[in-house]
Amino acid sequence: MKILGIETSCDETAAAVVEDGVKVMSNVIASSVDLHAKTGGVVPEVAAREHIRQITPVVDHALMEAKVSWDDIDAIAVTHAPGLVASLLIGINTAQTLAYIHKKPLIPIHHIAAHIYANFLEREKAPEFPILILTVSGGHNELVLMKGHYQFEVIGETLDDAAGEAFDKVARLLNLGFPGGPVIAKAAEKGNPQAINFPRPMLDKNNRFNFSFSGLKSAVRRETENSQLSTLNSQLISDIAASFQAAVTDVLSDKLINAAEEFDVKEVHLAGGVSANQLLRQKTSEKLGDGIRLVYPKNLIYCTDNAAMVAGAAYFCPQKDGDFRKIEAHSQLPLL
Ligand code: KG4
Ligand code: ZN
């Protein structure tokens, strides 16, 4: 079964063709990140206008690269929520129109479900449930227990900032650019992760699987203010970046491992933009007990927003055999 996926929830205009949920035949992404780098964050109106410009050529390109025609496509999948509303609408309207013209079923996909299914792309081994997933991106930060395909239970979430958002805000404080994740990781390479002992907010026992990164972000702000940003030299910037990255990855990996042990899972997955972080992968791998498999996206391009994950999720979505027009919240994943 070949599914065309469309993703426009934030600043990436993306389309992809995926066969049977795992085989990526094409994966085209036009990003407007350079436009947002100037403002240090995504400007929704700018992102939506870029989607309008890019969506038709990106879809055409995805079909061309996969060497398929409309006749070969069995269904169209599109991210319906959560995300920037004006951006989502461009993808949804495009998908609805294409589904109508070409008489294809339309499958609405939850953005976090798509990030979760990014880990199934190009995967050779069959998944072993239950799986515990840490979804970490610019907008999301959850611990999701997955007992079977499309059986999601959110067991923890952030009470304020998502980890990716914290990376972005700290990068802005340090004048490192946007998006924050890759630039912080780069600056951290030359820094000492023990230079500053930033807080590791683990929260009380009632919140042991929830996250909170706003206090950590404030601690970085205080550090930059104490040091007078204008006098921050590149070594100090690298030390702050490395110490911040060490604190975030300690919290994420500890909570993930604690929950994995409590729920006795077979696999632990990292998903979403921050899953590209090498230190997070390394720490999780080091702390993982015997018999639990660590999985993260096969390709760095599947960590951040893309449409292959949307088409992949659609293949496993129970709605693909049901009422395609019915949009459901996909068992417990937060909608907004
Ligand atoms: O999944 P994604 O593309 O968009 C959302 O759904 O939000 O994630 C983007 C986020 C950004 O906050 C970015 O700073 C973060 O992922 N990110 C990283 C890395 N690459 C991207 N964070 C840490 N380390 C990275 N290497
Ligand atoms: Zn995302």
Side-chain angles (χ1 to χ4, degrees), residues 5-14 16 27 29-33 36-37 40-42 44 47 78-84 87-88 91 109-119 121 133-142 144 157-158 161-174 176-189 193 211 213 216-217 241-242 244-253 269-284 296-297 299-310 312-313 333-336:
I6 294 179
E7 152 67 36
T8 62
S9 68
C10 191
D11 56 339
E12 268 92 24
T13 316
N27 188 29
I29 304 171
S31 175
S32 57
V33 70
H36 305 295
V42 177
V78 62
T79 308
H80 78 84
L84 302 173
S87 292
L88 285 165
I109 294 296
H110 191 286
H111 187 63
I112 300 175
H115 273 301
I116 288 172
Y117 275 99
N119 278 332
L121 295 172
I133 306 130
L134 173 71
T135 60
V136 261
S137 63
H140 319 286
N141 203 144
E142 285 97 26
V144 180
E157 62 195 335
T158 180
D161 293 353
E165 192 180 350
F167 270 95
D168 296 338
K169 287 178 176 167
V170 166
R172 203 177 311 155
L173 285 173
L174 297 177
L176 287 173
F178 176 83
V183 287
I184 295 261
K186 182 97 192 88
E189 282 170 15
F211 303 87
F213 290 111
L216 172 58
K217 181 191 65 194
F244 163 77
Q245 183 178 237
V248 176
T249 52
D250 271 351
V251 173
L252 291 175
S253 56
H269 290 202
L270 303 175
V274 184
S275 70
N277 190 277
Q278 298 300 331
L279 190 61
L280 175 63
R281 293 177 176 191
Q282 186 192 320
K283 282 186 182 170
T284 310
Y296 42 78
N299 189 322
L300 274 183
I301 208 80
Y302 304 147
C303 295
T304 43
D305 292 346
N306 66 88
M309 66 184 190
V310 179
L333 290 178
L335 254 188
L336 292 170

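One-based numbering, in listed order, for ligands and for the atoms of each.
Below 3.5 Å of separation, one finds no N or O of Ala185 facing any N or O of ligand 1. Taking distance alone, with nitrogen or oxygen atoms compared against 3.5 Å, Phe167 stays at or beyond that limit from ligand 1. Not a single N or O atom of Glu12, backbone or side chain, sits closer than 3.5 Å to an N or O atom of ligand 1. For the pair Pro179 and ligand 1, the shortest N or O to N or O distance does not fall below 3.5 Å. Considering backbone and side-chain atoms together, His115 places an N or O closer than 3.5 Å to an N or O of ligand 1. An N or O contact shorter than 3.5 Å links His111 to ligand 1 by distance.
Atoms of ligand 1 lying under 4.0 Å from at least one heavy atom of Gly180, given by number and element, are 14 (O). Annotation for ligand 1: atoms under 4.0 Å from non-hydrogen atoms of Gly138 are 5 (C), 7 (O), 8 (O), 9 (C), 10 (C), 12 (O).
Smallest separation of non-hydrogen atoms from Arg281 and Cys303: NH2-SG, 3.5 Å. The shortest non-hydrogen separation linking Pro82 to His110 is CD-CE1, 3.5 Å.
Remark: Tyr296 OH is loosely packed, at most 12 non-hydrogen atoms of other residues, nucleotides or ligands lying under 6.0 Å away.
Proximity of Cys10 to ligand 1 is not established, as no heavy-atom distance is less than 4.0 Å.
Counting heavy atoms under 4.0 Å from ligand 1, residue Gln278 does not touch it at all. Both the backbone and the side chain of Asp305 come within contact range of ligand 1, each with a heavy atom under 4.0 Å.
Listed by chain and residue number, Glu7, Ser9, Leu88, His111, Val310 satisfy the side chain to side chain contact (heavy atoms under 4.5 Å, CB included) test with Thr79 (two or more places apart in sequence, or in another chain).
Between Gly273, Gly41, Ala171, it is Gly273 that holds the heavy atom closest to atom 8 (O) of ligand 1.
Inspection of the environment of the Zn ion (ligand 2) yields the following protein N, O or S atoms under 2.8 Å: His111 NE2, His115 NE2, Asp305 OD1.
The closest side-chain heavy-atom distance from Asn306 to Ile301 is not below 4.5 Å.
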